[in-house]
Amino acid sequence: MVSPKADYDAPHPVAFSLPDGRTVVLRDTFQKSGAYDSATLAPIWQVDWFSLKGDLCWSADLGDVVRLNRFGLTSDWALAFYHDGRPVRRYDCKYLLTAFRHERFLPYETWDWHTAWYDVFEFDKNRLRLSTARRRLSFGDREFDLGFQEFYTFDMSTGAVIAFSTVGSRRIWWYFAGVVFVVCVIPLLFWFRRRKRSR
């Protein structure tokens, strides 16, 4: 990945060693992000985008790459699959977050000022494992874990969903039942008791 911030890179050159022992400076050697032959430095594929290392997963041969968009909740894409540098498939948060997708149910990260819609993002045997952030609800300094979360397994080369599951639906119903009890049943019991006394 070649940073788009050339002005920042100039005083902070990134140098690394190739397998044959040569040392190269990233921006001086490669004009674009992509995959390159380590012997000839010829491009295998190139792209016009940049992502941080933690927002990328890739296959061993660098043929398949997945990008995670930390700002996916406010963007038109959250997860993008590429094969040999060409886009294969994209997903947005409207698809990946099946319920409780509003930012009030998701944690906020201050290190890059974004709502974290994701939790696990990792490569595993030519598959991508992704889990969404566990939903919670905050009231002042108190936080209630709603327990709801989605789990996905994707095929790296096609971007297709191989497996999908959710957890926490039962807990949501218990919370809902508790709210209904407090809001409706308890006042109704007081009303019946008062009416009984007045008779």
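Side chains included, hydrogens not; waters and symmetry mates left out as well; all remaining heavy atoms used.
Summarising the geometry, atom NZ belonging to K94 is positioned 9.5 Å from atom CG belonging to D76; distances are rounded to the nearest 0.5 Å. With rounding to the nearest 0.5 Å, the separation of CG in D92 from OG in S75 is 9.0 Å.
Legend: residues meeting side-chain hydrogen bond (donor to acceptor under 3.5 Å, both in side chains) with D7, ordered by chain and number and at least two apart, are absent. Not counting sequence neighbours, T153 has no partner by the side-chain hydrogen bond (donor to acceptor under 3.5 Å, both in side chains) test. With sequence neighbours left out, the side chain to side chain contact (heavy atoms under 4.5 Å, CB included) criterion links D119 to S131, Q149. Taking the side chain to side chain contact (heavy atoms under 4.5 Å, CB included) definition, one finds that K5 meets it with S3, Y8, sequence neighbours left out. Judged as a side-chain hydrogen bond (donor to acceptor under 3.5 Å, both in side chains), and not counting sequence neighbours, R127 has no contacts. When the side chain to side chain contact (heavy atoms under 4.5 Å, CB included) test is applied to L52, the partners found at least two apart in sequence or on another chain are F50, D55, R70. For R86, the side chain to side chain contact (heavy atoms under 4.5 Å, CB included) criterion is met by H83, D84, not counting sequence neighbours. With sequence neighbours excluded, no residue forms a side-chain hydrogen bond (donor to acceptor under 3.5 Å, both in side chains) with T29.
When every heavy atom of R134 is checked against every heavy atom of P107, the shortest pair comes out as O-CD, 4.4 Å. Nearest heavy-atom pair across D145 and R135 is OD1-O, 3.4 Å. In plain terms, the two heavy atoms of D155 and S157 that are nearest each other are OD2-OG, 2.7 Å. Smallest separation of non-hydrogen atoms from A133 and A116: CB-O, 3.3 Å.
Within the structure, the side chain to side chain donor-acceptor pair (under 3.5 Å) test picks out the following pairs touching residues 98-109 (sequence neighbours left out): T98-E150. Sequence neighbours left out, the pairs with a member in residues 42-54 that pass salt bridge (charged side-chain N to carboxylate O under 4.0 Å, His left out) are K32-D48.
Residues F16 and V24 meet the side-chain proximity criterion, which asks for heavy atoms closer than 4.5 Å.
Applying the side-chain hydrogen bond (donor to acceptor under 3.5 Å, both in side chains) test between Y82 and each of R90, R89, R67 identifies R67 as the sole match.
Taken together through direct or relayed side-chain contacts under 4.5 Å among Ile, Leu, Val, Met, Phe, Trp and Tyr, F144 and F100 form part of one hydrophobic cluster. Under a hydrophobic-cluster definition in which Ile, Leu, Val, Met, Phe, Trp and Tyr are linked whenever side-chain heavy atoms come within less than 4.5 Å, directly or via other members, F151 and I162 are assigned to different clusters. With hydrophobic clusters built from ILVMFWY side chains whose heavy atoms lie under 4.5 angstrom apart, V14 shares a cluster with L18.
Other residues, nucleotides and ligands contribute over 12 non-hydrogen atoms within 6.0 Å of the CH2 atom of W111.
Other members of the hydrophobic cluster containing L79, listed by chain and number, are V66, L68, L73, F81, V88, Y91, Y95, L96, L97, L106, W117, Y118, F121, F123, L128, L130, Y152, F154, M156, V161, F164; membership follows side-chain contacts under 4.5 Å among ILVMFWY residues, whether direct or relayed.
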For side-chain contact (heavy atoms from CB on, under 4.5 Å), just list the numbers for S59 and N126, CA-CA rounded to whole Å, side-chain angles, deciding distance to a tenth of an Å, and then say yes or no.
-> CA-CA 6 Å; S59 59; N126 205 38; 4.3 Å; yes
Could you pull out every donor-acceptor pair under 3.5 Å between side chains of residues 39-46 and any protein atom, sequence neighbours left out?
{"residue": "T40", "atom": "OG1", "partner": "D37", "partner atom": "OD1", "Å": "3.4"}
{"residue": "T40", "atom": "OG1", "partner": "A42", "partner atom": "N", "Å": "3.2"}
{"residue": "W45", "atom": "NE1", "partner": "L62", "partner atom": "O", "Å": "3.1"}
{"residue": "Q46", "atom": "NE2", "partner": "Y36", "partner atom": "OH", "Å": "2.9"}

